[in-house]
Amino acid sequence: MKINTALCIAGTILFNIAGSLCQLDVCGRAPLNTKIVGGVNAAAGAWPWQVSIHNARGHFCGGSLINKDWVLSAAHCFQNLGASSIEMYFGRQRQLGSNPNEMYRTARRIINHPNYNDSSHDNDIALVQLSSSVTFSKYIKPVCLAAAGSVFSAGTESWVTGWGTLKDGGKSANILQEVKLPIVRNSKCYDAYGGGITNNMICAGFLNVGGKDACQGESGGPMVSKNSSLWIQSGIVSFGEGCADPKYPGVYSRVSRYQDWINSYMGSNPPGFVKFN
């Protein structure tokens with residue numbers, strides 16, 4: 001992406017960028033956005049970084065486009081799966097029926113975090129390299145990522161998207177779903193689960209109320225918050241107890257903890273990292 005040096009420097013000052021400067025002219029912008037369990041149908045193009053990840057059985061996990069060549073997802077999605085079995089769809093709104101704005105890619109390689117723990121769900125993060133670059137459009141754009149040191153205070157308005165089941169153990173959604181959730185303080189999340197919540201995790205949901213949450217099939221998908229005009233990914237759908245249970249908020253991998261790890265694979269085109277406060 002060509003952009004002059006002065007504009008890149010201005011981006012650093014205005015957005016407190018860590019990572020790629022020039023990726024910021026495309027990441028986190030959803031021009032078609034007018035604004036899961038308990039969620040509603042999302043409009044076409046509302047979340048242009050959303051990825052539908054498939055194997056031979058169809059959609060099984062979500063992901064987010066972070067530049068033209070890479071998708072961010074959850075490590076637990078790819079245990080015992082090879083890159084050759086993975087297909088990814090960009091610009092998709094519905095799982096059945098026509099998707100005129102869609103683009104398709106296979107996977108070149110999958111990189112699970114080396115310290116991912118299947119029992120504790122710690123470091124539940126993965127990168128998927130595309131077989132070839134995608135072309136950005138109004139319906140296909142990368143998301144900005146939360147930079148190291150980002151702070152998502154309790155109550156921060158966040159959005160989770162995906163095609164998961166509409167209730168625990170229920171039928172998967174056909175149309176992409178969106179749901180708005182508040183961030184839950186890690187200490188409260190720790191108490192809710194009786195431990196096991198690390199600094200690599202971030203929680204969201206309606207404690208004592210429930211009714212809205214990510215569910216099966218949303219794993220690996222993004223949780224985002226808006227900072228000025230940019231959408232920034234704070235979390236990756238990781239795990240929870242049931243779906244939308246009022247006693248248990250959803251738990252997400254905290255993206256800001258992995259800036260160096262992500263950038264170590266990106267080469268000359270790192271994602272747009274933005275510090276959220």
Does a side-chain heavy-atom distance below 4.5 Å link Arg29 with Leu230?
yes
Closest non-hydrogen atoms of Asn123 and Tyr258, given as atom of the first, atom of the second and distance, are OD1-OH, 2.8 Å
Just by modelled atom types, is the Ala42 backbone N or O under 3.5 Å from a matching donor or acceptor in the Gln93 side chain?
yes
Please examine the side chains of Tyr116 and Gln79, heavy atoms only from C-beta on, and report whether any two atoms are closer than 4.5 Å.
yes
Smallest separation among heavy atoms of Asn67 and Pro270, with atom names
ND2-C, 4.4 Å
Residue of the set Asn199, Asn186, Thr198 for which side-chain hydrogen bond (donor to acceptor under 3.5 Å, both in side chains) holds with Arg254
Asn186
Do Asn117 side-chain atoms and Asp122 backbone N/O form a donor-acceptor pair below 3.5 Å?
no
Provide the closest heavy-atom pair for Trp159 versus Lys180 in the form atom of the first, atom of the second, distance.
CZ2-CD, 3.6 Å
Would you check if the side chain of Ser73 reaches a backbone N or O of Gly63 as a donor-acceptor pair within less than 3.5 Å?
no
Stepwise side chain to side chain donor-acceptor pair (under 3.5 Å) test for Gln177 and Asn41
CA-CA 5 Å; Gln177 298 292 292; Asn41 292 347; 2.6 Å; yes
At their closest point, which heavy atom of Pro249 faces which heavy atom of Ala192, and how far apart are they?
CD-CB, 4.0 Å
Closer than 3.5 angstrom, by distance alone: can the side chain of Gln129 be matched with the main-chain N or O of Arg108 as a donor-acceptor pair?
no
Do Ser234 and Val255 have side-chain heavy atoms sitting under 4.5 Å apart?
no
On a heavy-atom basis, the closest approach of Arg94 and Asn99 is O-ND2, 2.6 Å
Beyond-backbone contact of Leu130 with Val71, side-chain heavy atoms, under 4.5 angstrom
yes
Considering all heavy atoms of both residues, which atom of Ser131 and which atom of Arg105 are nearest to each other, and what is their separation?
OG-CD, 4.0 Å
